[in-house]
Amino acid sequence: MTEAVLGAMSGLRVIDLTRVLGGPYCTQILADHGADVIKVEPPAGDEVRDWGPPFHDDDAAYFIGINRNKRSIGLDLASEGGRVVLLKMLETADVLIENFKPGTLEKWGIGNDVLAQKFPRLVHCRICGFGADGPRGGNPGYDAIIQAMTGMIAATGSPESGPMRIGVPLVDITTGLYAAIGILMALSERQRSGKGQFLETTLYETGLAIMHPHTANYFMHGKPPGLTGNEHPNLVPYAIFPTKTDDIFIGVGNDGTFRKLAKEIGKPELGTDPRFARNKDRIANREALRAELAAVFSQHEAEPLCNRLLAAGLPAGPVQKIDQALTNPHTIARGDVIEKDWYKGVASPIRLDRSKPSLRRLPPKFSQHSQEVLGEFGYSKSEIDAMVESGVVCGPERKR
């Protein structure tokens, strides 16, 4: 990520009322690619500023990791004055994104019906747990709870471990990705119609949507998935194997690849063995094949073996810890870790040829840009000072 390139989303103004993870993850995607993202925080600030240690100054790494390239203003939207400022900001905004409980904006008199009338070109995105309707409409949503409710936890883990939560907040992050995609779709449609629209992305629907292939399998045979640990329900071999040094992961997607793997590891007979020749045979004889492969892999060191298999076009990789992944030669060569002053982060994985992402701003301190942002919207210094004095706009100190 370089500092001098105009991003693909340059010229787009996003008013970001979101907190925690899904929404900030979405807006960081847009910000990395040039959007002007104004992060509007409540008087207590985004609560993940406190989700540490570790901290940089008073801000947790959790906050730092998903809020670069944004400007922050603290604004009390529960006050009439705060809502007046928000409406002023929306006059020149392209996107409003929020993750309030459904009905909150309506209670404040600025629901989507009002916003759509006042700002017909505005794309209004809401991220919430379950949506506004249905038996759970308006209920709060949390990543792990959605993992539990959509079958994800029940399909993760081994018979020995029992059901397990996935170790990254996959539902929150993917909801942020879906929200970014939805915003871009709405902006694309606006090019034709000239009109904005409301879109909703829920954690619950995201959780269901990413349960592939388990949902597809269930629709086909009516059986819930069992606990297969690191193995795949539809493919064999697709699992972790020990070597002389570290564990490796082998994933085979078709019969031809399996025959190639068998030949590459010096066991070509496995590729024609009737127990293993076809994927359905390998599934039926999963444990026998695991024993055959484990015996071979135990004679090799992980890194050289994986390098050889990858060079041959075979899917294999060492099981690395995060420090190894972030310092891997390929990570470094691709510029996947970005730095500015004290900040380090993972670069945007969206690599456009001309409109490159950039690291322009460090994650903001709370309400760091209030004077700057409000000045851009026409407020004088005396007006801003009065709003700070009244509590409508927040100073640098959060109300904990």
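Excluded from the calculations below are hydrogen atoms, water molecules and symmetry mates; all remaining heavy atoms, backbone and side chain alike, are included.
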Carefully, step by step, assess M185 and L199 under the rule side chain to side chain contact (heavy atoms under 4.5 Å, CB included).
CA-CA 10 Å; M185 287 179 175; L199 69 105; over 6 Å; no
Suppose clustering is done on Ile, Leu, Val, Met, Phe, Trp and Tyr with side-chain heavy atoms closer than 4.5 Å. Which residues sit in the same group as F249?
L235, Y238, I240, V319
When you compare the side chain of W342 with that of D57, does any pair of heavy atoms fall below 4.5 Å?
no
Closer than 4.0 angstrom, basic N to acidic O: yes or no for D273 and R275?
yes
Counting only heavy atoms from other residues, nucleotides and ligands, does the tally under 6.0 Å from CD of E47 exceed 12?
yes
Taking salt bridge (charged side-chain N to carboxylate O under 4.0 Å, His left out) as the definition, give me every residue that meets it alongside D246, ordered by chain and number, with sequence neighbours left out.
none
Heavy-atom pair with the smallest gap, counting every atom of A325 and Q320
CA-NE2, 3.7 Å
Tell me, yes or no, whether the heavy-atom count around H212 atom NE2, taken from other residues, nucleotides or ligands under 6.0 Å, exceeds 12.
no
Kindly compute the distance separating OH (Y62) from CG (D50), expressed to the nearest 0.5 Å.
13.5 Å
State which residues pass salt bridge (charged side-chain N to carboxylate O under 4.0 Å, His left out) with D46; sequence neighbours excluded, sorted by chain then number.
K39
side-chain contact (heavy atoms from CB on, under 4.5 Å) against S382, all qualifying residues, sequence neighbours excluded
S380
Please determine which of E264, E301, E303 meets the salt bridge (charged side-chain N to carboxylate O under 4.0 Å, His left out) test together with R308.
E264
Examine M89 and I384 and state if one hydrophobic cluster contains both, with Ile, Leu, Val, Met, Phe, Trp and Tyr joined whenever side-chain heavy atoms are less than 4.5 Å apart.
yes
Considering only heavy atoms from C-beta outward, does the side chain of D385 approach that of Q371 to under 4.5 Å?
yes
Could you pull out all residues at least two apart from T257 that satisfy side-chain hydrogen bond (donor to acceptor under 3.5 Å, both in side chains)?
N254
Any salt bridge linking D76 with K399? Criterion: basic side-chain nitrogen under 4.0 Å from a carboxylate oxygen.
no
In terms of heavy-atom contacts, does CZ of R136 have more than 12 from other residues, nucleotides or ligands at under 6.0 Å?
no
Pair L170, T174 - check side chain to side chain contact (heavy atoms under 4.5 Å, CB included), show working.
CA-CA 6 Å; L170 186 63; T174 310; 3.8 Å; yes
Would you call E269 and K267 a salt bridge, taking side-chain N to carboxylate O under 4.0 Å as the test?
yes
Going only through I, L, V, M, F, W and Y residues with side-chain contacts under 4.5 Å, is there a path from V20 to I145?
no
Side-chain contact, heavy-atom cut-off 4.5 Å: C394 with S367?
yes
More than 12 heavy atoms of other residues, nucleotides or ligands under 6.0 Å from NZ of K101: yes or no?
no
For the residue pair D59 and K365, what are the closest heavy atoms and their distance?
OD2-NZ, 2.9 Å
According to ring pair (Phe, Tyr, Trp, His ring centres under 6.0 Å), does anything in residues 266-301 pair up with another residue at least two apart or in another chain? List the pairs.
F241-F297
Hey, is R351 close enough to D336 for a salt bridge, meaning N to O under 4.0 Å?
yes
Are more than 12 heavy atoms from other residues, nucleotides or ligands located less than 6.0 Å from atom CD of E80?
no
Could you give the distance from CD1 (I38) to OG1 (T27), rounded to the nearest 0.5 Å?
12.0 Å
How about R282 and D255: do any of their side-chain heavy atoms sit closer than 4.5 Å?
yes
Between A60 and V48, the two heavy atoms sitting closest are CB-O, 3.4 Å
Heavy-atom side-chain contact between L326 and K344 under 4.5 Å:
no
Which residues pass the salt bridge (charged side-chain N to carboxylate O under 4.0 Å, His left out) test with E106, sequence neighbours left out?
R126
So which atom in A8 and which in S355 form the shortest heavy-atom distance, rounded to 0.1 Å?
N-CB, 3.5 Å
Show, in sequence, the C-alpha distance, side-chain angles and deciding distance for L87 and L115, and conclude whether the side chain to side chain contact (heavy atoms under 4.5 Å, CB included) test is met.
CA-CA 9 Å; L87 292 174; L115 297 178; 4.0 Å; yes
Residues in side-chain contact (heavy atoms from CB on, under 4.5 Å) with D172, at least two apart?
L21, D143, P169, L203
Identified side chain to side chain contact (heavy atoms under 4.5 Å, CB included) counterpart of P24 within the set I29, I97, I66
I66
Joint cluster assignment, Y178 & V168, ILVMFWY side-chain distance < 4.5 Å
yes
Against H33, only a single residue in S10, S358, S348 fulfils side chain to side chain donor-acceptor pair (under 3.5 Å); can you say which?
S348
Any link between L96 and I127 through a network of hydrophobic side chains (Ile, Leu, Val, Met, Phe, Trp, Tyr) touching at under 4.5 Å?
no
Could you walk me through whether L12 and D36 satisfy the side chain to side chain contact (heavy atoms under 4.5 Å, CB included) test, starting with their C-alpha distance in whole Å, then the side-chain angles of each, then the deciding distance to 0.1 Å, before giving a yes or no?
CA-CA 6 Å; L12 188 78; D36 176 21; over 6 Å; no
Working to the nearest 0.5 Å, report the span between OG1 of T201 and CG of N99.
11.5 Å
Which atom pair, heavy atoms only, marks the closest approach of A35 to R360?
O-NH2, 3.6 Å
In this structure, would M9 and V14 fall into the same cluster of hydrophobic residues linked by side-chain contacts under 4.5 Å?
yes
Do other residues, nucleotides or ligands put more than 12 heavy atoms under 6.0 Å from the CE atom of M164?
no
Between R290 and E231 (salt bridge meaning N to carboxylate O under 4.0 Å), is one present in this structure?
yes
Is any side-chain heavy atom of P318 less than 4.5 Å from a side-chain heavy atom of Q324?
no
Closest approach of V392 and G82, non-hydrogen atoms and distance?
CG1-N, 3.4 Å
Who are the ring pair (Phe, Tyr, Trp, His ring centres under 6.0 Å) partners of F100, not counting sequence neighbours?
W108
Do the charged groups of D58 and R49 touch, with an N to O distance under 4.0 Å?
no
Can you pull the ring pair (Phe, Tyr, Trp, His ring centres under 6.0 Å) pairs that have at least one residue in residues 120-152, sequence neighbours excluded?
H124-F198, F130-Y204
Note, L359 side chain near N69 side chain (heavy atom, < 4.5 Å):
yes
Determine which pairs satisfy ring pair (Phe, Tyr, Trp, His ring centres under 6.0 Å) with at least one residue from residues 362-386, sequence neighbours left out, and list them in order.
none
Check the pair K88 / E383 against salt bridge (charged side-chain N to carboxylate O under 4.0 Å, His left out), numbers first and verdict last.
CA-CA 14 Å; K88 180 70 173 175; E383 288 174 317; over 6 Å; no
Who pairs with R165 by salt bridge (charged side-chain N to carboxylate O under 4.0 Å, His left out), at least two apart in sequence or on another chain?
none
